[in-house]
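What follows is one structure encoded as structure tokens, with my remarks underneath.
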Amino acid sequence: MLFQQSLSGLIKGLRANKNDERKFIAGALDEIKQEVRSADLEVKAGAVLKLTYLDMLGHDMSWAAFPILETASSPRHHLKSIGYLAASQTFTPNTDVLMLTPNLLKKDLSTPSSDPALALGTFARIATPELARDLQVEIARLMGHTRASVRRKAVGAAWKCVELLGEEESGDMKTRFRERLEDDDPGVIAATVNAITELAIRDPQAYLIFAPQLFRLLTSSSNNWMLIKIIKLFASLLPHEPRLHRKLLPPLTHLIGSTSAVSVLYECVHTCIVGGLLDTDNLAETCVEKLAGFLEDSDQNLKYIALLALAKMVPTHAHLLAEHQEMILLSIDDPDISIRMRALELVSAMVTRDNLQSIVTKLLSHLTPTAPPPPSALAALRATTSSTTAPTPTPSLPPSHRLTLTQHILSMCSRESYTNLPSFDWYLSTLIQLAHIAPAEIGPRLREQALDVAVRVRSVRRYAVQIMERLLDDEEFREEVPERGEGAGEMLHAAAWICGEYATHLSSAPETIAHLLHPTILRISTDVQAVCVHAAGKIYGAWTAGLAQEWDDGELPALRRTGDDIQEALGAFKQSADVEVQERAVTLSQLFQLVQADLSSYCPSPTPTPAPTPSPALPSLSPSPSPAPDGPRAPKSLYLLSSLHSSHPLNAVAPRAQSMVEPPEGLDLDAWIVPPRPGEDGDSEDEDGEAVKAKAKGEKKKKKKGSNARKEEGQVEETEEEKAERARRRAARLAARANDPYYIQPKPSPAAAQEDIDAIPVVHLSDLGEPTVSSDPHSAAKSSKTTKKKKLAAAAAQPSPPPPPEPLPDIDIEGELPKLASSIAEDLKGLQLGAQSGSGNETPANGTSSGGTPRTGTPPVAEAQDERAVETGTIAKVKKAKKPKKKREA
């Protein structure tokens with residue numbers, strides 16, 4: 001192309017078109033796409049070079065992978081370097097033309113006339129397992145090249161082969177590495193040490209064979225970069241070879257005391273810490289002194305790594321770190337948030353019983369907002385006369401750091417069940433202080449800590465009640481709780497619970513109750529409201545019980561007045577939308593009504609009389625000791641509320657206490673206390689279905705054997721009453737399903753259908769008797785005699801007595817009945833009419849007269865239908881009439 005734009009022209013164009021850079025790049029890309037299609041490799045290489053520059057600016061050039069490969073295959077060195085540079089920058093394992101690179105790379109690595117350094121550098125960037133497997137032989141051969149630059153790049157390529165293929169498939173690469181450690185060129189040795197160090201991270205034990213050569217380099221080399229790599233490598237080898245401890249201690253101690261390179265010094269100290277070489281106090285003190293010097297340095301990186309190293313020394317040499325406690329605490333004030341966090345972790349780890357209080361006091365000073373000191377008179381005068389503004393105070397800590405700081409304070413104090421606490425009174429005061437200044441998110445943990453200490457430490461309960469009473473009295477704190485968030489009121493939850501549980505230590509119970517039921521409590525969360533209402537009832541009960549023991553009639557007006565105030569305050573809580581708060585308020589209000597009614601009806605005794613024996617009607621209302629015999633008798637209702645809460649003491653129980661109790665012998669917690677009855681689990685249908693199948697197949701012996709097996713397994717045998725009850729429940733269930741229009745009845749099997757037909761009672765129409773309605777009493781008596789004769793004749797004719805006659809139903813022909821049932825109902829209606837007309841004629845039991853003619857009034861067709869209905873069992877459907885009609889006994 002005649003007017004091809006070079007790389008320098010592209011860069012100048014980009015600088016000249018900063019306002020419309022996107023349009024300029026789009027035009028340049030169009031030109032480059034035309035240039036890469038050129039047959040001239042110079043033009044194509046120039047286009048690839050410009051694409052490489054645009055790729056560094058973030059533009060995609062993956063579409064030009066094939067032109068890049070063509071440029072890299074050029075025989076000219078400057079064009080080949082452009083192609084390899086673009087390939088190493090843009091090729092990935094997913095590039096399509098990557099499968100064409102093995103032959104190109106192998107050709108350049110094997111040809112003596114070409115420079116293999118370009119191919120080795122590109123291989124290290126685009127290597128894949130397949131590519132490494134194909135080229136590892138050429139790379140191993142080039143590690144012995146005559147040029148040092150080629151050997152250095154070959155060592156880097158060999159490191160990539162071992163990393164991708166593993167030690168088993170990488171051949172004799174370890175032997176090649178050992179040879180390169182004896183190389184004459186320091187660059188080759190440094191490259192080999194770097195490769196071994198990186199490979200030993202994955203499997204240090206496999207590279208212990210290089211320890212003798214590496215130790216020689218450690219004691220003889222002056223290259224700080226190579227020393228850092230060797231010391232790092234020995235730090236990873238020390239846990240796998242104990243003999244290295246004694247061997248490495250002298251050279252590392254010498255380097256710590258003599259080197260001026262800070263990086264080498266830190267690596268030596270770090271290796272001594274992680275490798276367990278701090279057996280002697282002299283070396284440990286030296287390491288701590290060097291790291292403390294890093295904390296005083298202005299370099300933030302040195303401060304950070306020093307704090308990391310000191311944190312690793314806390315488990316073994318915490319007493320040495322305590323000497324530099326003030327310097328470590330100063331790092332918490334550092335403006336860098338990362339250094340503050342590392343210093344906070346270090347301070348939390350080095351806490352002991354002696355320094356806990358001072359460290360927490362220092363950390364609390366960071367949470368407490370400090371106002372600037374008031375200016376002096378001279379400073380104020382200068383500020384008013386000068387035009388400069390006063391300096392603004394430093395901004396407070398970010399909320400996330402304040403939260404982390406509070407969490408570390410609580411963790412330090414509660415570690416190992418409060419082992420480091422010098423005083424529980426001090427810790428409760430600290431919790432109250434944190435409740436005022438800590439973030440609201442830490443509220444639940446503050447509550448848990450306060451409750452845990454109050455319940456588990458009996459000697460601190462009086463002080464806990466006193467300090468929580470002052471917290472409830474703090475109106476400013478109660479006002480700001482809703483503004484700070486939901487978690488801020490959790491300390492009020494703890495205060496209400498502690499004051500209610502240990503109310504005997506309160507200085508003024510009525511005032512505390514007034515604070516608990518104050519209207520500001522309604523603005524806090526409903527959980528805190530419920531606890532406050534409950535605590536108010538407990539405090540009132542303990543207070544009145546104490547008054548009852550030393551009763552004075554002069555206390556009666558104050559009691560009534562306090563009760564009225566509580567009832568008035570509970571009115572707002574009874575209207576709460578929360579069910580728990582409302583229920584507790586209503587329950588407490590009802591109890592107060594009982595107390596108020598008793599106090600209203602109480603009449604003070606004019607003279608002191610002995611206290612009578614407590615009434616047996618209220619045995620639980622007076623758990624406290626009875627008043628003195630010579631004092632006045634207190635109202636019994638004063639013991640009402642205290643008996644509801646103070647009957648049993650609340651003691652702390654360890655979380656694993658139950659697991660330490662041995663169960664008694666013979667107790668099986670997995671066994672049934674009351675064995676379930678058969679059929680109670682709702683599976684009666686399955687049992688009935690199995691019984692039907694067993695009966696249909698005639699497997700009575702198997703069924704008996706199964707029942708005996710169940711008895712042997714320990715199943716309780718049913719009694720006759722239980723069997724009858726189960727049958728009754730099953731019948732009721734089947735009847736309910738039969739009348740349920742939404743229940744699909746299952747199709748019965750042939751065996752089940754046969755059994756159902758057999759279960760239908762056979763009813764002879766001749767035994768149904770006469771209709772119950774009869775106006776002639778003589779005909780009724782005559783019919784009764786005729787019926788007795790029929791029964792005697794039937795008994796003589798039949799071998800077995802027929803089933804008892806069932807009452808004839810009242811058939812509603814006009815109602816909704818099935819087709820067959822309607823026809824049967826018409827026939828039965830005709831039978832009733834025929835029976836009324838021929839009630840005076842005596843007929844045999846078979847339904848015919850003495851002359852052999854059918855019964856009078858019964859049509860032959862109806863009689864035939866009746867017999868067919870009885871035979872097919874459809875008479876059972878007729879029995880489902882709505883109301884049976886009374887009829888005379890046959």
Side-chain angles (χ1 to χ4, degrees), residues 431-432 435 440-455 461 464-465 467-475 477-506 509-544 562-563 565-595 640-648 650:
L431 292 178
I432 296 297
E441 293 81 3
I442 206 68
R445 193 168 177 185
L446 293 175
R447 180 200 65 202
E448 293 174 1
Q449 293 285 294
L451 293 178
D452 191 36
V453 171
V455 172
R461 289 175 183 174
V465 171
I467 195 172
M468 294 302 173
E469 187 178 8
R470 290 198 296 269
L471 180 64
L472 292 174
D473 191 25
D474 190 352
E475 186 176 356
F477 178 74
R478 296 199 311 266
E479 290 288 345
E480 68 180 14
V481 161
E483 301 175 359
R484 294 175 56 192
E486 295 183 0
E490 295 296 330
M491 205 60 189
L492 286 178
H493 181 289
W497 192 92
I498 292 173
C499 291
E501 188 66 27
Y502 312 109
T504 54
H505 302 301
L506 288 171
E511 293 182 5
T512 305
I513 294 174
H515 297 328
L516 290 173
L517 301 180
H518 197 271
T520 55
I521 302 296
L522 294 170
R523 298 167 52 193
I524 312 176
S525 63
T526 55
D527 295 338
V528 179
Q529 295 180 30
V531 174
C532 289
V533 172
H534 195 64
K538 295 164 70 175
I539 294 174
Y540 184 84
W543 176 54
T544 55
T562 303
D565 295 341
I566 294 175
Q567 283 282 39
E568 182 180 356
L570 287 175
F573 291 92
K574 289 192 292 185
Q575 298 176 2
S576 174
D578 187 74
V579 177
E580 183 70 18
V581 177
Q582 188 182 61
E583 181 181 359
R584 294 194 181 192
V586 170
T587 303
L588 187 60
S589 177
Q590 295 295 325
L591 292 174
F592 270 106
Q593 287 182 8
L594 295 176
V595 176
L640 175 62
L641 296 181
S642 64
S643 62
L644 300 178
H645 307 293
S646 60
S647 299
H648 303 282
L650 179 63

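Below, each value reflects all heavy atoms present in this structure, side chains not excepted, and no hydrogens, waters or symmetry copies. All values derive from a computational prediction rather than experimental measurement.
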Measure the [atom1]-[atom2] distance between [X] and [Y] for me, rounded to the nearest 0.5 Å.
{"X": "Phe477", "Y": "Ile432", "atom1": "CZ", "atom2": "CD1", "value": "7.5 Å"}
{"X": "Tyr540", "Y": "Leu588", "atom1": "OH", "atom2": "CG", "value": "10.0 Å"}
{"X": "Leu492", "Y": "Ile521", "atom1": "CG", "atom2": "CD1", "value": "5.5 Å"}
{"X": "Glu501", "Y": "His534", "atom1": "CD", "atom2": "NE2", "value": "8.5 Å"}
{"X": "Ile498", "Y": "Arg447", "atom1": "CD1", "atom2": "CZ", "value": "11.5 Å"}
{"X": "His493", "Y": "Ser525", "atom1": "NE2", "atom2": "OG", "value": "8.0 Å"}

Testing the basics here: between [X] and [Y], what is the closest heavy-atom pair and its distance to 0.1 Å?
{"X": "Thr512", "Y": "Glu469", "answer": "OG1-OE2, 3.3 Å"}
{"X": "Leu516", "Y": "Phe573", "answer": "O-CZ, 4.3 Å"}
{"X": "Ile539", "Y": "Gly500", "answer": "CG1-CA, 3.8 Å"}
{"X": "Ala503", "Y": "Ala542", "answer": "CB-CB, 3.8 Å"}
{"X": "Leu471", "Y": "Ala495", "answer": "CD2-CB, 4.1 Å"}
{"X": "Val531", "Y": "Ala496", "answer": "CG1-CB, 3.9 Å"}

Quick one, [X] and [Y] - any side-chain contact, counting heavy atoms below 4.5 Å?
{"X": "Glu580", "Y": "Thr526", "value": "no"}
{"X": "Leu570", "Y": "Leu517", "value": "yes"}
{"X": "Glu511", "Y": "Asp473", "value": "no"}

**Request:** Using the side chain to side chain contact (heavy atoms under 4.5 Å, CB included) rule, take Asp578 and Gln529 through it: C-alpha gap first, then chi angles, then the decisive distance, then the call.
**Result:** CA-CA 10 Å; Asp578 187 74; Gln529 295 180 30; over 6 Å; no
**Request:** Decide if atom CD of Glu475 counts as having more than 12 heavy atoms of other residues, nucleotides or ligands within a radius under 6.0 Å.
**Result:** no
**Prompt:** Just wondering, are more than 12 heavy atoms of other shown residues or ligands nearer than 6.0 Å to CD in Glu479?
**Reply:** yes
**Asked** Is it true that a side-chain atom of Gln582 and a backbone atom of Ala577 form a donor plus acceptor pair closer than 3.5 Å?
**Response** no
**Request:** Check for a donor-acceptor pair, side chain of Ser589 on one end and backbone N or O of Ala585 on the other, with a separation under 3.5 Å.
**Result:** no
**Prompt:** Is the shortest distance from a Lys or Arg side-chain nitrogen in Arg445 or Glu490 to a carboxylate oxygen in the other one below 4.0 Å?
**Reply:** no
**Item:** Residue list, side-chain contact (heavy atoms from CB on, under 4.5 Å) with Thr504, at least two apart or on another chain
**Value:** none
